[in-house]
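Indexing begins at 1, ligand by ligand and atom by atom, following the structure's order. Just so you know, residue 1 is the first one in the sequence shown, and it goes up from there.
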Amino acid sequence: MIRLLGIETSCDETAVAIVRDGRHVESNVIASQTDLHARYGGVVPEQASRAHLRAILPTLSEALAQASLGWQQIDGIAVTFGPGLAGALLVGLNVAKGLAFALRKPLVGVNHLEGHVYANWLDVPAAEEPTFPLVALIVSGGHTDLVLAEAPMAYRRLGRTRDDAAGEAFDKTARLLGLGFPGGPAIERAAASGDPTRFPFPRAWLGEDSWDVSFSGLKTAVRNQVAALGVDPDHAAPDERRERLPLADLAASFQAAVIDVLATKAARAAHTFGASRLALGGGVAANRSLLRRVEALAQLPVACPPPRLCTDNAAMIAAAGYVHFSSGRRDRLDLDVQPGLPIAPLESAAT
Ligand code: KG4
Ligand code: ZN
């Protein structure tokens, strides 16, 4: 039995978790900074770092207390070292190093994106665990990657977004519609009662053989539609937007355009590369309409964590850390943050 402590501070959640054998969550504590950043309409990096500093030690104590464990029962520390905001990553990494040094426990640095993939192993019955080869669609606030994992830790990045990440597109569109931050959940709620066919927004397919996606044309189309409906996209106050725009239909039409492209490409990649499983991860995977559409298009089992494990958490970092840890990897205490770390280099050829 291996019990890892996971630490995640790459963006705006300070998170600590304890996970047994990469699968069983013993505690999963998340201190969210949403309220802090909501008033700016997005994450302010320096504020995020300082909020991590304030929250990290209480979050650590809470994670141990919830699991009723002491330090000596922890076998190693798994920590996000990239990608993410440099100053935010530094807080978690340095706390992890301090713990590893003081407790003489091994340290394993984890790629945050790999964490989103491994959230699919948490608390699922053994018979339902994802299998390889696996196609993963990672859709978060900062990333949109379509990845082929032929085996654990062996990734090929097939495609990515050429401009905004999927979550970023949700957040920007929410702001345009006068909905709050973070935008994804607000759009999903508004879309629930809307007509997704009312506004035929563009889908950027980028050619038959491309695994990339792009959301900038869609963003412009929603903006132009807002203007055509008589609301100034640059200057209108949020409550004016909410009062004067057909929010449900706009949100549903936007969401359908994003989901159409993501679900179609993910399902096609799974088929093309002979995957045995399609796995979703990242904050946008919390969107149940995305999951339903992927399930409808894919001719294979689809794994998706429950919404609370799609958005940033440290249990997924401990789960991914476990795979590295059990293959013998140990990192040195001079491990540095890597803000731009990809899950794998981008492949130029489509297939
Ligand atoms: O993975 P995550 O928590 O943080 C990053 O690693 O970026 O993803 C956050 C993103 C935000 O852009 C948020 O708006 C989006 O995920 N998101 C959603 C939903 N819940 C969160 N997008 C669409 N539908 C949702 N239900
Ligand atoms: Zn994330």
Side-chain angles (χ1 to χ4, degrees), residues 6-15 17 28 30-34 37-38 41-43 45 48 52 80-85 88-89 92 110-120 136-145 147 160-161 164-177 179-192 194 196 215 218-219 251-252 254-263 279-294 304-317 319-320 339-343:
I7 299 181
E8 153 65 39
T9 63
S10 69
C11 190
D12 60 344
E13 338 274 358
T14 312
N28 187 21
I30 302 170
S32 175
Q33 305 173 8
T34 304
H37 301 294
V43 178
H52 285 309
T80 307
F81 73 112
L85 302 169
L89 289 164
V110 174
N111 183 315
H112 178 87
L113 301 170
E114 196 175 9
H116 278 306
V117 175
Y118 275 93
N120 283 293
L137 175 66
I138 306 166
V139 273
S140 71
H143 294 84
T144 300
D145 284 332
V147 174
R160 45 120 177 135
T161 179
D164 288 348
E168 207 178 344
F170 271 93
D171 293 337
K172 287 180 177 170
T173 300
R175 204 175 316 149
L176 191 64
L177 302 184
L179 301 170
F181 171 85
I187 296 256
E188 184 174 20
R189 271 195 304 275
F215 299 112
L218 171 61
K219 191 174 64 183
F254 161 80
Q255 182 174 276
V258 174
I259 286 176
D260 239 9
V261 176
L262 290 175
L280 307 184
V284 182
N287 188 296
R288 297 295 98 172
S289 301
L290 172 65
L291 173 59
R292 281 195 297 271
R293 187 100 172 98
V294 173
C304 185
R308 74 197 147 77
L309 294 174
C310 287
T311 47
D312 287 350
N313 64 86
M316 70 184 198
I317 301 305
L341 184 70
I343 193 163

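Look at His143 and the Zn ion (ligand 2): no N/O/S atom of the residue is under 2.8 Å from the metal. Not one N/O/S atom of Cys11, from backbone or side chain, sits under 2.8 Å from the Zn ion (ligand 2).
In terms of polar-atom proximity, defined here as any N/O pair under 3.5 Å, Gly167 does make such a contact with ligand 1.
Annotation: atom 21 (C) of ligand 1 to nearest protein heavy atom, Gly283 O, 3.3 Å. Protein heavy atom closest to atom 26 (N) of ligand 1, with residue, atom name and distance, is Glu188 OE1, 2.7 Å. In this structure, the protein non-hydrogen atom closest to atom 11 (C) of ligand 1 is Asp171 OD2, 3.6 Å. Of all protein heavy atoms, the one closest to atom 3 (O) of ligand 1 is Asp312 N, 3.0 Å. At the top of the distance list for atom 22 (N) of ligand 1, counting protein heavy atoms only, stands Gly184 CA, 3.2 Å. Protein heavy atom closest to atom 7 (O) of ligand 1, with residue, atom name and distance, is Gly141 N, 2.8 Å. Scanning the protein for heavy atoms near atom 24 (N) of ligand 1, the closest one is Asn287 ND2, 3.1 Å.
For the pair Met316 and Glu114, the minimum side-chain heavy-atom distance is 4.5 Å or more. Here the side chains of Leu309 and Asn28 are in contact, with some heavy-atom distance below 4.5 Å.
When you scan the N, O or S atoms of Asp312 for the one nearest the Zn ion (ligand 2), you land on OD1.
The CD1 atom of Ile317 lies 9.5 Å from the OG1 atom of Thr9; values are rounded to the nearest 0.5 Å. A distance of 11.0 Å separates CG in Asp171 from CG in Leu179, rounded to the nearest 0.5 Å. Rounded to the nearest 0.5 Å, atoms NE2 (His52) and CG (Leu85) are 7.0 Å apart.
In this structure, Pro185 has a heavy atom closer than 4.0 Å to ligand 1. Ligand 1 lies less than 4.0 angstrom from a heavy atom belonging to His112.
At a 4.0 Å heavy-atom cut-off, ligand 1 does not touch Arg288 at all.
Under the salt bridge (charged side-chain N to carboxylate O under 4.0 Å, His left out) criterion, Lys219 pairs with Asp164, sequence neighbours left out. Residues that satisfy the side chain to side chain donor-acceptor pair (under 3.5 Å) test with Thr80, not counting sequence neighbours, are Glu8.
The atoms of ligand 1 that sit less than 4.0 Å from any heavy atom of His116 are 1 (O), 6 (O). Near Gly183, with a cut-off below 4.0 Å to any heavy atom, the atoms of ligand 1 are 14 (O). Near Gly142, meaning under 4.0 Å from any of its heavy atoms, are these atoms of ligand 1: 7 (O). In summary, the atoms of ligand 1 found under 4.0 Å from a heavy atom of Thr311, numbered by their order in the structure, are 3 (O).
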*Start with the C-alpha distance between Arg293 and Asp260, add both sets of side-chain angles, then the distance that settles side chain to side chain contact (heavy atoms under 4.5 Å, CB included), and finish with yes or no.*
CA-CA 8 Å; Arg293 187 100 172 98; Asp260 239 9; 2.7 Å; yes
